[in-house]
Amino acid sequence: MDGLAVEDQAQEETPHHDAQVVEAFDQAQRQTIKLFRDVTDQIQQGMSEVDIAQLAESRAPAFGFSDWFKKPSVQCGAKPKKRKQNMSNRHARSGSLIQITMSPATADAFGNFGGAFIFGTNESSKLVDEARNICKAACGFASRWKCTGEIYVFADAWASNRRFSLGDAKSIGHICFPPDGIFATGWPKSARLSTFAKRNQVEWFNHRRMRGLYAIQPPVLIQGESCAFQETILVDGPNKMILGRDDLEEVGTW
């Protein structure tokens with residue numbers, strides 16, 4: 001092995017994030033999942049998407065959060081919305097699907113978690129189950145040996161093989177930057193703005209090898225209805241973990 005190859009291998013083995021960064025994001029994710037559980041336990045019949053989002057924002061400080069990487073996104077009903085804003089005329093109804101994605105922030109990190117459930121019942125549905133399964137599969141497939149775009153390709157193939165699709169999604173996630181360097185200024189909005197660059201997205205043509213923290217959210221579209229779960233993973237040299245989780249089977253639970 002020549003000197004250049006040895007140097008490249010040593011660089012790949014060197015952690016991209018130090019232990020303090022990983023711990024901060026892991027704790028933020030665990031608290032985000034707890035916040036999600038707290039909010040879903042308080043949803044009442046007739047609450048609108050706006051009501052649910054405001055509930056999440058009001059409860060976030062109790063879980064140690066002081067800001068938002070991205071404010072809560074709520075969808076009541078399985079039909080995709082034409083507008084991404086939370087709507088006051090879409091409400092929680094017994095037997096209907098509710099999806100919530102939230103990314104609250106501390107001074108050091110932020111969480112990324114999204115889940116879906118059938119309101120007013122313990123029953124699930126094919127749509128919810130497939131959304132959970134594809135998120136779990138994508139998290140499991142990610143590794144240091146994969147280009148970021150391969151995660152998108154894998155999810156797209158997973159969906160196609162089961163006769164549904166990713167809808168019109170061009171990206172199924174993004175890299176997550178800690179408040180270091182240029183991201184220390186304007187945190188966490190600076191880290192949020194970075195996700196709009198294609199090189200930081202989990203999208204088809206991203207040829208960069210996975211290395212760092214990633215939010216993963218592959219949507220599914222089945223017969224005109226959509227659903228998605230979101231998790232955060234670390235792929236850092238030989239280290240890989242699903243933040244806030246003890247094992248892969250916990251993905252999509254709260």
Side-chain angles (χ1 to χ4, degrees), residues 16-18 20-36 39 49-50 52-61 63-75 81 83-87 99-115 135 138-139 142 148-149 151-152 166 168-206 208 210-219 228-236 242-244:
H16 188 58
H17 294 303
D18 61 35
Q20 290 79 11
V21 169
V22 176
E23 175 66 17
F25 273 83
D26 184 62
Q27 287 303 312
Q29 185 72 352
R30 291 180 186 276
Q31 290 302 105
T32 300
I33 294 170
K34 290 179 181 178
L35 171 61
F36 187 98
V39 170
E49 294 176 351
V50 172
I52 296 169
Q54 290 177 343
L55 172 62
E57 291 186 53
S58 69
R59 293 295 298 148
F63 293 84
F65 297 110
S66 56
D67 207 338
W68 291 87
F69 172 78
K70 184 180 180 182
K71 289 194 174 183
S73 175
V74 182
Q75 179 173 316
K81 295 191 294 185
R83 300 170 62 190
K84 293 184 179 180
Q85 295 97 322
N86 298 319
M87 308 294 289
Q99 302 180 64
I100 308 172
T101 302
M102 54 180 66
S103 301
T106 68
D108 303 309
F110 52 86
N112 283 285
F113 183 72
C135 186
C139 290
T148 305
I151 311 306
Y152 181 98
L166 300 181
D168 59 0
K170 305 302 181 185
S171 171
I172 62 166
H174 57 79
I175 197 166
C176 304
F177 292 105
D180 297 331
I182 62 173
F183 300 109
T185 302
W187 169 268
K189 292 180 177 61
S190 53
R192 167 67 177 159
L193 289 173
S194 72
T195 66
F196 293 101
K198 283 193 173 184
R199 65 179 180 274
N200 295 328
Q201 295 176 7
V202 183
E203 60 96 25
W204 188 291
F205 296 107
N206 193 335
R208 293 167 180 81
M210 296 196 80
R211 193 176 188 212
L213 294 154
Y214 296 84
I216 303 294
Q217 189 180 27
F229 282 73
Q230 180 171 250
E231 298 278 344
T232 303
I233 65 173
L234 170 75
V235 179
D236 197 355
I242 302 172
L243 300 192

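These numbers come from the heavy atoms of this one structure, side chains and all, not from hydrogens, waters or symmetry mates. Just so it is clear, the structure is predicted and the values come from calculations on it, not from any experiment.
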Q) Given Gln31 and Gln27, is the side-chain hydrogen bond (donor to acceptor under 3.5 Å, both in side chains) satisfied, shown in steps? A) CA-CA 6 Å; Gln31 290 302 105; Gln27 287 303 312; over 6 Å; no

Q: Report the C-alpha distance between Asn200 and His174 in whole Å, list the side-chain angles of each, state the deciding distance to 0.1 Å, and finish with yes or no for side-chain contact (heavy atoms from CB on, under 4.5 Å).
A: CA-CA 6 Å; Asn200 295 328; His174 57 79; 5.6 Å; no

Q: Mind running side-chain contact (heavy atoms from CB on, under 4.5 Å) on Tyr214 and Thr148 for me, showing each step along the way?
A: CA-CA 10 Å; Tyr214 296 84; Thr148 305; 3.9 Å; yes

Q. Can you check side-chain contact (heavy atoms from CB on, under 4.5 Å) on Ser103 and Arg192, steps first, answer last?
A. CA-CA 10 Å; Ser103 301; Arg192 167 67 177 159; over 6 Å; no

Q | Stepwise side-chain contact (heavy atoms from CB on, under 4.5 Å) check, Thr232 with Thr32 | A | CA-CA 11 Å; Thr232 303; Thr32 300; over 6 Å; no

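Each of Gln75, Gln85, Lys81, Gln54 was scored for a side chain to side chain donor-acceptor pair (under 3.5 Å) with Glu49, with one residue passing: Lys81.
Atom CZ of Phe25 sits about 6.0 Å away from atom SG of Cys176, to the nearest 0.5 Å. Rounded to the nearest 0.5 Å, atoms CZ (Arg199) and CG (Asn206) are 10.0 Å apart. Note that CH2 of Trp187 is 8.5 Å distant from CG of Asp180, once rounded to the nearest 0.5 Å. Rounded to the nearest 0.5 angstrom, Phe177 CZ and Leu193 CG are separated by 12.0 Å. In this structure, CG on Asn86 lies 5.5 Å from OG on Ser73, to the nearest 0.5 angstrom. Atom CG of Leu166 and atom OG of Ser171 lie 10.5 Å apart (nearest 0.5 Å).
In this structure a side-chain-to-backbone donor-acceptor pair under 3.5 Å is present from Ser190 to Phe183. Put simply, the side chain of Asp108 never gets that close to the backbone of Gln20: no donor and acceptor are under 3.5 Å apart. Between the side chain of Asp236 and the main chain of His17, a donor-acceptor pair closer than 3.5 Å is present.
The shortest distance between side-chain heavy atoms of Met102 and Phe36 falls below 4.5 Å. Between Gln29 and Glu231, some side-chain heavy-atom pair lies under the 4.5 Å cut-off.
A salt bridge links Glu57 to Lys71: one of the charged nitrogens lies within less than 4.0 Å of a carboxylate oxygen.
Counting all heavy atoms, side chain and backbone alike, Pro61 lies closest to Ser58 at CD-O, 3.5 Å. Gly244 and Asp26 get closest at one heavy-atom pair: N-OD1, 2.7 Å.
Aromatic pair Phe113/Phe229: centroids not less than 6.0 angstrom apart.
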